[in-house]
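What follows is one structure encoded as structure tokens, with my remarks underneath.
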Amino acid sequence: MGLLTALQDDASIPEKRVLVTGATGLLGRAVFKEFKLYDWNAVGCRYNRARPDFVRVNLLDFAAVRKLLQDFKPHVIIHCAAERRPDVVENEFEAATQLNVAASGNLAKEAGMVGAFLIYISTDYVFDGRKPPYREDDSPNPLNLYGKTKLDGERAVLQNNQTATVLRVPVLYGDVEKLEESAVTIMFEKVQFSNKSANFDHWQQRFPTHVMDVAAVCRQLAERRMQDPSIKGIFHWSGNEQMTKFEMACAMADAFNLPSSHLRSITDSPVMGAPRPQNAQLDCSRLEKLGIGQRTPFLIGIKQCLWPFLIDKRWRQTVFH
Ligand SMILES: NC(=O)c1ccc[n+]([C@@H]2O[C@H](COP(=O)([O-])OP(=O)(O)OC[C@H]3O[C@@H](n4cnc5c(N)ncnc54)[C@H](OP(=O)(O)O)[C@@H]3O)[C@@H](O)[C@H]2O)c1
């Protein structure tokens with residue numbers, strides 16, 4: 001008996017079914033947990049990472065995707081799988097386009113065939129960052145190939161399924177398996193090594209957003225949509241604390257009472273890597289007006305997810321008394 005059959009045959013499983021793609025990833029893990037917590041029958045999809053309780057599917061295998069959807073018949077699909085590293089997309093543009101655009105368009109089409117509501121996770125990098133804050137109907141103009149593939153993915157999703165939804169979010173952090181998993185948590189290594197000066201960007205304005213908050217928004221949107229079919233189109237969600245990477249690094253040092261005199265701010269626009277928008281702040285009022293949203297204060301969220309990676313546990317006394 002396959003994993004999916006076993007899950008379906010369990011009579012105790014509740015009726016609301018959600019499929020989470022990229023459920024082994026940073027955001028997908030939080031989304032999967034959130035829906036489970038609210039008693040959804042959730043199936044998580046993985047690809048290369050080992051997670052025996054998740055279904056292995058390559059989203060580029062369209063026949064396998066069709067079979068999965070026809071078998072499970074989800075009411076909701078949260079599509080988190082993507083190539084989301086801008087520098088990787090620059091170097092492997094074709095492969096990234098296949099996943100971010102072609103596979104997303106196909107998933108949206110198949111979702112339509114089984115009547116599932118699809119949420120495609122997109123990014124603030126669809127904007128050029130010159131005129132923030134951005135509303136859902138502002139014109140996108142991605143500066144890098146990652147932003148371009150995500151925007152093309154949005155278009156492919158909405159063309160193939162007119163009742164689907166796009167949820168744009170900014171830089172994410174949360175419970176990581178390793179610090180490199182998030183552009184936010186990766187800074188903690190340099191923050192902790194106070195014997196070596198460390199440069200951090202102080203040019204790009206970011207709005208670090210906890211994955212648990214995005215997961216809660218996805219669940220709230222899905223539940224609202226089950227009551228109200230007019231919920232569709234593009235939405236924005238974001239934390240509301242504006243910070244550069246330098247300010248995030250200082251906040252991390254503060255959170256654990258660590259020295260911060262070795263942290264240096266770089267105010268010039270970065271010359272290395274894929275170009276980034278200076279300030280792609282997302283206006284979230286469309287969701288806020290619907291009463292949908294959740295925001296974890298950065299200091300609380302970052303302390304909780306970095307704690308397992310704190311090297312010098314002597315700080316334990318001063319941090320948690
Ligand atoms: N992270 C951010 O800061 C950020 C910011 C804005 C928007 N977003 C968007 O948020 C979404 C989630 O990002 P994330 O950071 O959670 O990504 P992530 O941690 O890099 O996870 C990517 C996921 O995609 C899966 N995957 C890769 N290739 C696949 C394939 N061919 N078939 C099926 N699954 C495949 C991976 O599965 P395996 O690991 O099992 O191979 C993994 O679960 C993405 O759409 C991203 O564009 C992210």
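Order of listing sets the numbers, starting from 1, for every ligand and every atom in it.
For atom 45 (O) of ligand 1, the nearest non-hydrogen atom of the protein is K150 NZ, 2.7 Å. In terms of protein heavy-atom proximity, atom 21 (O) of ligand 1 is nearest to G25 CA, 3.4 Å. Among protein heavy atoms, the minimum distance from atom 34 (N) of ligand 1 is reached at Y47 CB, 3.5 Å. What sits closest to atom 10 (O) of ligand 1 on the protein, heavy atoms only, is I121 CG2, 3.3 Å. The nearest protein atom to atom 1 (N) of ligand 1, hydrogens excluded, is given as R84 CD, 3.3 Å; this is a heavy-atom distance. The protein atom (non-hydrogen) at minimum distance from atom 12 (C) of ligand 1 is C80 O, 3.1 Å. Among all non-hydrogen protein atoms, the one lying nearest atom 5 (C) of ligand 1 is P170 O, 3.2 Å. When hydrogens are left out, the protein atom nearest atom 41 (O) of ligand 1 is N48 N, 2.7 Å; that is the closest non-hydrogen contact.
Looking at ligand 1, you'll find an N or O of G22 within less than 3.5 Å of one of its N or O atoms. The distance criterion of under 3.5 Å between nitrogen or oxygen atoms is met by L27 with respect to ligand 1. Between V171 and ligand 1, no N or O atom pair is found at a separation short of 3.5 Å. For ligand 1, the polar-atom distance check against E181 finds no nitrogen or oxygen pair separated by under 3.5 Å. At under 3.5 Å, a nitrogen or oxygen of R49, whether backbone or side chain, sits near a nitrogen or oxygen of ligand 1. At under 3.5 Å, a nitrogen or oxygen of N58, whether backbone or side chain, sits near a nitrogen or oxygen of ligand 1. In terms of polar-atom proximity, L99 is not counted as a contact of ligand 1, lacking any N or O under 3.5 Å from an N or O of the ligand.
Residue contact check: S122 has heavy atoms under 4.0 Å from atoms 7 (C) of ligand 1. Under a 4.0 Å criterion applied to the non-hydrogen atoms of V169, ligand 1 contributes the atoms 6 (C), 7 (C). Against a heavy-atom cut-off of under 4.0 Å, V57 is close to the following atoms of ligand 1: 32 (N), 33 (C).
Counted by atom type alone, N199 and S197 present zero donor-acceptor pairs between their side chains at under 3.5 Å. At a cut-off of 3.5 Å, with distance as the only test, a side-chain donor of Y134 or D128 sits close to an acceptor on the other residue. A donor-acceptor contact under 3.5 angstrom links the side chains of D175 and Q304, judged on distance only. Defined by atom type and a distance below 3.5 Å, a donor-acceptor pair is present between the side-chain atoms of H202 and T244.
Annotation: F256 is in aromatic contact with F188 [ring centroid separation under 6.0 Å].
Note that K190 lies in the cation-pi zone of F200, set by a 6.0 Å cut-off to the ring centre and a 45° limit from the axis.
A salt bridge between R219 and E34 is present, with a side-chain N of the basic residue lying under 4.0 Å from a carboxylate O of the acidic one. Here E154 pairs with R168 in a salt bridge; the nearest charged N to carboxylate O distance falls below 4.0 Å.
Closest to atom 22 (C) of ligand 1 by heavy atom, among G28, G153, A82, G174, is A82. The heavy atom nearest to atom 2 (C) of ligand 1, considering only V89, T24, L172, V20, is found in L172. Counting only non-hydrogen atoms, the option in V126, V65, L59 that gets closest to atom 32 (N) of ligand 1 is L59.
Contact annotation for Y146 and ligand 1: only side-chain heavy atoms (C-beta onward) come within less than 4.0 Å of the ligand.
The number of heavy-atom neighbours closer than 6.0 Å to CD of Q242, taken from other residues, nucleotides and ligands shown, is above 12.
In this structure, the side chain of N160 does not engage the main chain of N106 through any donor-acceptor pair within 3.5 Å. Although no hydrogens or angles enter the test, the distance criterion places a donor-acceptor pair under 3.5 Å between the side chain of R276 and the main chain of A274.
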ask   = For R85 and E180, what are the C-alpha separation, side-chain angles and deciding distance, and is it a salt bridge (Lys or Arg N to Asp or Glu O under 4.0 Å)?
value = CA-CA 11 Å; R85 294 162 298 175; E180 307 89 271; over 6 Å; no

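In plain terms, the two heavy atoms of A82 and L99 that are nearest each other are C-CD2, 3.6 Å.
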